[in-house]
Protein chains: 2
Amino acid sequence: MGELGRPAYLRLADLLRSRILSGEHQPGGRMPSIADLCRQHGLSEQPVRQALRVLNAEGLTEGRPGSGTYVRRRPAPARIPRGRYDAAGSPFAGASRDPGPGGVPHWTHDSQKTWATGALALRLRIAEGDPIMQTQYVFLAADRPAQLSTSWEPLALTGGTAAARPEYGPLAGLGVVERMARIGLTVTRVTEDVTARPVLEAESGPLDVALGSTVLSIERTHWAGSLPVETADIVLAAERSRLVYEIGVPAEITPESDVLR
Amino acid sequence: MGELGRPAYLRLADLLRSRILSGEHQPGGRMPSIADLCRQHGLSEQPVRQALRVLNAEGLTEGRPGSGTYVRRRPAPARIPRGRYDAAGSPFAGASRDPGPGGVPHWTHDSQKTWATGALALRLRIAEGDPIMQTQYVFLAADRPAQLSTSWEPLALTGGTAAARPEYGPLAGLGVVERMARIGLTVTRVTEDVTARPVLEAESGPLDVALGSTVLSIERTHWAGSLPVETADIVLAAERSRLVYEIGVPAEITPESDVLR
DNA sequence: TCGAATTTGTGCGTATGTATC
DNA sequence: GGATACATACGCACAAATTCG
């Protein structure tokens with residue numbers, strides 16, 4: 001019954017969206033119930049539900065079981081500084097700088113020894129099957145899961161030293177650069193490869209995001225010259241994150257003579 | 001009928017996903033049809049469709065009407081270097097470095113004078129209504145749209161100089177840092193704020209991506225000290241892009257004395 | 001070249017169970 | 001208990017694209 005080309009649930013979604021954006025439905029306010037919308041627009045449950053699902057997926061509304069559908073208040077995404085290397089650099093140095101309201105940020109971790117598989121071996125430039133230390137982090141800010149991270153370090157470098165387990169012993173919580181420095185490895189640069197992709201099912205629970213939504217994925221590697229000493233996968237909810245990179249401009253590029261003007 | 005806690009469509013999705021990841025279904029290959037899956041698993045259409053929808057949303061598969069559901073082959077996303085500032089820095093210096101197969105990268109541009117609105121005025125630290133030069137770029141690589149960009153510069157800085165229009169005159173194609181240097185403004189740093197969001201309707205055509213998909217959005221600002229001299233919005237298809245940032249580690253952090261070992 | 005069968009996508013009415021308020 | 005919302009599942013119809021005889 002394509003009355004007007006555009007399907008019923010999309011027309012309803014358009015209508016409700018424009019009402020929300022125009023302020024007719026205030027942030028935090030309740031939308032009409034599904035039954036109400038059925039009556040008001042002469043539709044059955046299914047198209048009404050689909051319309052609401054569209055708005056939920058767009059992040060405009062949020063359904064609370066047993067209560068109603070509410071217009072979302074949109075917190076500005078957290079700024080997560082990632083440029084400039086920071087001496088206090090724990091894995092979450094940047095993000096933990098600002099406690100924000102609702103609680104001091106903290107994290108849990110879990111290290112275990114494993115062996116490098118294909119892709120990982122490539123990233124660390126070691127052979128497949130070489131032993132590595134794997135550490136998983138769940139980072140919480142304001143009592144909400146903010147960031148997942150899995151870090152790998154070749155045990156050929158750290159094995160037998162105090163730096164073998166990132167979060168144990170005298171070097172716990174020091175950050176990769178400092179910890180490596182203590183065992184004689186000078187980290188000279190860090191690379192971060194940023195991509196966005198749909199959230200995996202395994203991540204959607206810990207990150208507290210819906211299954212269809214997208215995450216920012218950072219593939220980070222610490223280098224000592226051309227030798228990778230650590231690499232990590234960092235995953236953040238895209239809706240809540242804004243990565244801030246700062247890029248220095250070498251002085252050579254800026255000539256002292258003003259040619260024009 | 002919650003036979004095993006986990007709903008039928010998720011169990012089926014898990015099964016199919018593991019088959020794909022294990023290589024049982026090859027990239028480019030066809031999945032069993034919906035009718036087949038119904039028969040094989042004793043399910044009705046609905047849960048089977050939902051399972052496939054999950055895999056589609058995860059980007060693992062792709063349905064082609066009239067033909068079937070296929071395992072996606074994932075072309076490696078283009079590496080787009082954005083760290084280190086590059087002397088040859090046109091707006092697309094990084095991306096244009098490597099011609100790649102299929103054609104030399106090139107771009108189109110279009111400049112026009114406008115006036116700063118609220119958010120833009122804040123980013124450029126000028127007053128609302130101040131005149132600015134707006135330049136829009138469409139960047140093509142291998143004859144495919146790769147990147148959209150809109151750049152703004154306060155005319156209070158560049159007005160009346162040869163640098164007023166980025167792509168005209170003797171300074172055309174020079175890049176922001178070089179161009180500003182020619183009129184006596186020394187760019188000292190560049191900041192990039194990276195977010196991911198659903199593609200806008202206006203972008204989906206020029207970028208050649210489907211309407212539901214997501215883009216990487218970069219808000220870039222060139223600074224001369226604490227003075228913004230240029231800011232730009234850069235938009236790329238997330239599936240095809242991988243931003244590479246390189247972060248230098250200052251030497252101070254790395255002590256010369258090896259304490260342990 | 002034509003047409004029928006297959007296949008996915010979309011829309012929608014319905015029903016059942018469960019959690020929350 | 002009642003209202004509400006959510007998740008799951010079944011059935012049906014049609015559109016659009018593709019495949020194949």
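Letters go in sequence order (proteins before strands), and every chain restarts at 1.
Here S33(A) reaches the OP1 or OP2 of dA5(D): one of its side-chain N or O atoms lies under 4.0 Å away. In terms of phosphate contacts, Y9(B) brings a side-chain nitrogen or oxygen within less than 4.0 Å of OP1 or OP2 of dT8(D). S67(B) has no side-chain polar atom (N or O) that falls below the 4.0 Å cut-off from OP1 or OP2 of dT18(D).
For R17(B) and D14(B), the salt-bridge test passes: some basic side-chain N is under 4.0 Å from an acidic carboxylate O.
Between the R123(A) side chain and the A232(A) main chain, a donor and an acceptor come within less than 3.5 Å of each other. For the pair R165(A) (side chain) and A172(A) (backbone), a donor-acceptor distance under 3.5 Å is absent.
Whole-Å rounding puts the L43(B) CG to dG11(D) P distance at 11 Å. Across the protein-nucleic acid pair, R49(B) atom CZ and dC12(D) atom P stand 14 Å apart, rounded to whole Å. Per the geometry, CG belonging to D36(B) stands 6 Å off P belonging to dT7(C), to the nearest Å. Across the protein-nucleic acid pair, Q46(B) atom CD and dA15(C) atom P stand 16 Å apart, rounded to whole Å. One can place CZ of R30(A) at 8 Å from P of dT4(D), the figure rounded to the nearest angstrom. Between I34(B) atom CD1 and dG9(C) atom C1' there is a gap of 8 Å when expressed in whole angstrom units. Spacing between atom CZ of R64(B) and atom P of dT7(C) amounts to 15 Å, rounded to whole angstrom units. Atom CZ in R11(B) sits roughly 8 Å away from atom P in dA9(D) (whole-Å rounding).
The base of dG11(D) has none of its N or O atoms less than 3.5 Å from a complementary donor or acceptor on the side chain of E45(B).
When only modelled atom types and interatomic distance are considered, E167(B) and S111(B) share no side-chain donor-acceptor pair under 3.5 Å.
In this structure, the nucleotide among dC10(D), dT8(C), dC6(D) sitting nearest to the side chain of S44(B) is dC10(D).
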